[in-house]
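Both backbone and side-chain heavy atoms feed into the values below; hydrogens, waters and symmetry mates do not. One-based numbering along the sequence shown.
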Amino acid sequence: MEAGFSLRDSTIGIFGLGLMGGSLALALKGHCSHLVGFDSDPSALELALSKNIVDQAETSALRSLPPLDMLILATPVPVILNLIQQLPSLMTHPCIIMDVGSTKRDIIDAMSRLPGCFEPIGGHPICGKERLGLENADRSLYQGTPFVITPLERTTQAAKSAVTQILSLIGAHQIEMSAADHDRILASTSHLPFLISSALAQATPQEFAHLVGPGFRSTSRLAGTPAHMMMGILKSNRDNVLAAIQKFHNSLAELESALQQENDSQLEILLNQSHRSYQSITEN
């Protein structure tokens with residue numbers, strides 16, 4: 001495929017018309033030659049066509065795929081890995097392959113074994129909602145958000161050009177890094193927060209519900225994410241998540257110790273340190 005990729009002249013496929021894939025389809029519609037959506041849920045396909053989100057909607061029954069210039073894999077991580085394994089039997093024509101999975105090491109490893117006709121590149125938009133599904137898709141979901149790109153050694157200029165054009169269109173900020181760095185960082189900034197929110201929701205007695213305020217709601221918000229959406233992420237990034245949990249344990253233990261020992265000065269020092277860390281992290 002030539003390096004001069006033209007989004008407007010290309011046929012783009014999106015495999016998975018949930019929140020992420022659907023939002024991407026909404027943003028891409030009308031800006032490429034032809035947009036094809038794939039999903040195993042007939043109601044999602046029907047909605048995509050009725051709302052004019054895609055030009056063509058196809059079942060994701062793995063038989064064959066129509067000629068595409070680019071295929072974007074927007075499904076949970078385990079499904080992405082399964083799709084990558086099956087791609088060689090589904091298409092033989094040259095095609096750029098990009099995923100939007102939440103972990104990258106296993107996906108990049110699987111992509112590296114694709115035949116030469118495929119031009120793979122990894123991706124992960126740092127955005128989302130707890131309410132999933134195409135009905136919650138939003139064309140502005142990616143606007144102003146970081147979008148991590150994890151190229152392979154074999155990633156072509158055409159693949160990089162395709163991603164750059166798409167990110168420019170949807171208003172996302174491109175950040176390039178290795179798959180290993182991505183998974184290590186996201187363990188602390190995304191996967192650990194989900195587990196902390198889940199633990200908080202689990203530890204809070206139901207009879208306290210009438211006194212739940214905005215503080216609890218904002219802190220426990222991620223627990224509203226369905227478990228099946230997170231299992232593949234946690235399994236594929238287990239080592240980094242466990243390391244992040246240990247760091248959190250250490251921080252919580254310091255606070256617990258200061259409270260137990262009634263060391264109010266140390267407690268205040270720790271809380272002030274946390275306050276400064278919060279400001280430094282969130283103001284970047």
For this session: May I ask you to check whether over 12 heavy atoms, not counting those of H249, lie within 6.0 Å of atom NE2?
Result: no

For this session: Give a yes or no answer on whether the side chain of S161 reaches the backbone of Q157 with a donor-acceptor pair at less than 3.5 Å.
Result: no

Exercise. Are any of the side-chain heavy atoms of I72 and F15 separated by less than 4.5 Å?
Worked result: no

Exercise. Can you list the steps and then say if V77 with K235 is a side chain to side chain contact (heavy atoms under 4.5 Å, CB included)?
Worked result: CA-CA 10 Å; V77 171; K235 289 169 63 178; over 6 Å; no

For this session: May I ask you to decide if the ring planes of Y142 and F147 are parallel, tilted or perpendicular, using 30° and 60° as cut-offs?
Result: tilted

Problem set entry | Under 3.5 Å: donor-acceptor pair, side chain of T204, backbone of L200 | yes

For this session: Nearest 0.5 Å please: distance from the CG atom of L35 over to the CG atom of L24.
Result: 8.0 Å

Exercise. Between D183 and R105, does at least one N-O distance fall below 4.0 Å, as a salt bridge requires?
Worked result: yes

Exercise. Does the side chain of V36 reach to within under 4.5 Å of the side chain of D55, using non-hydrogen atoms?
Worked result: no

Exercise. With a 4.5 Å limit on heavy-atom distance, are the side chains of L49 and L47 in contact?
Worked result: no

Exercise. Taking C-beta and beyond as the side chain, do I97 and C95 meet within less than 4.5 Å on heavy atoms?
Worked result: yes

Exercise. So do I126 and T145 actually touch side chain to side chain, heavy atoms under 4.5 Å?
Worked result: no

Exercise. Looking at CG of D69 and CG of L7, how far apart are the two atoms once the value is rounded to the nearest 0.5 Å?
Worked result: 10.0 Å

Exercise. Taking all atoms of both residues into account, what is the closest heavy-atom pair of D106 and S236, and its distance?
Worked result: OD2-CB, 3.5 Å

Exercise. Taking side chain as C-beta onward, heavy atoms only, is V100 less than 4.5 Å from L73?
Worked result: no

Problem set entry | Polar side-chain atom of S190 near backbone of L186 as donor-acceptor pair, under 3.5 Å | no

Exercise. Going by heavy atoms in the side chains, are L71 and M91 under 4.5 Å from each other?
Worked result: yes

For this session: Before giving the answer on side chain to side chain contact (heavy atoms under 4.5 Å, CB included), spell out for I121 and I149 the whole-Å C-alpha distance, their side-chain angles and the decisive distance to 0.1 Å.
Result: CA-CA 7 Å; I121 185 168; I149 297 301; 3.5 Å; yes

Exercise. Are the side chain of T219 and the backbone of F216 linked by a donor-acceptor contact shorter than 3.5 Å?
Worked result: no

Seminar exercise, completed: The reported gap from CE in M111 to CG in L81 (rounded to nearest 0.5 angstrom) is 9.5 Å

Problem set entry | Candidate pair I166 and H31, rule side chain to side chain contact (heavy atoms under 4.5 Å, CB included), full reasoning | CA-CA 9 Å; I166 289 175; H31 296 278; over 6 Å; no

Exercise. Quick check: does any side chain N or O of S140 sit under 3.5 Å from a backbone N or O of Q143, one acting as donor and the other as acceptor?
Worked result: no

For this session: Could you pull out the closest heavy-atom pair between T92 and P88, with the gap in Å?
Result: CG2-O, 4.5 Å

For this session: Applying side chain to side chain contact (heavy atoms under 4.5 Å, CB included), run through L271 and L255 and close with a yes or a no.
Result: CA-CA 8 Å; L271 293 177; L255 294 170; 4.1 Å; yes

For this session: Using modelled atom types only, decide if a donor and an acceptor are shared between the side chain of K104 and the backbone of G123 within a distance under 3.5 Å.
Result: yes

Exercise. More than 12 non-hydrogen atoms from neighbouring residues, nucleotides or ligands closer than 6.0 Å to CD on E207, yes or no?
Worked result: yes

For this session: Say whether, by atom type as modelled, one donor and one acceptor occur between the side chain of H93 and the main chain of L68 under 3.5 angstrom.
Result: yes

Problem set entry | Which atom of T155 lies closest to which atom of A159, heavy atoms considered | CG2-CB, 4.0 Å

Problem set entry | No-hydrogen, no-angle side-chain donor-acceptor test under 3.5 Å, S50 and E46 | no

Exercise. Distance-only, no hydrogens or angles: does the N136 side chain make a donor-acceptor pair with backbone N or O of L19 under 3.5 Å?
Worked result: no

For this session: For N263 and S265, test the side chains for any donor-to-acceptor distance below 3.5 angstrom and give the result as yes or no.
Result: yes

Problem set entry | R139 backbone acceptor or donor facing S23 side chain under 3.5 Å | no

Seminar exercise, completed: side-chain contact (heavy atoms from CB on, under 4.5 Å) test vs R184 passes for just one of D239, N240, N237, namely N240

Exercise. Any side-chain heavy atom of F38 sitting closer than 4.5 Å to one from I14?
Worked result: no

For this session: Could you please spell out the steps behind the side-chain hydrogen bond (donor to acceptor under 3.5 Å, both in side chains) verdict for E254 and N250?
Result: CA-CA 6 Å; E254 287 185 309; N250 295 340; over 6 Å; no

For this session: Measure across L134 and I53 and return the closest heavy-atom pair with its distance rounded to 0.1 Å.
Result: CD1-CD1, 3.9 Å

For this session: Could you check E58 against Q56 for side-chain hydrogen bond (donor to acceptor under 3.5 Å, both in side chains), going step by step and ending with a plain yes or no?
Result: CA-CA 7 Å; E58 299 288 345; Q56 179 181 346; 2.7 Å; yes

Exercise. Any link between F5 and L167 through a network of hydrophobic side chains (Ile, Leu, Val, Met, Phe, Trp, Tyr) touching at under 4.5 Å?
Worked result: yes

Exercise. Does CD in Q273 sit with more than 12 non-hydrogen atoms of other residues, nucleotides or ligands closer than 6.0 Å?
Worked result: yes

Exercise. Got a sec: does the NZ of K29 have more than 12 other heavy atoms crowding it under 6.0 Å?
Worked result: yes

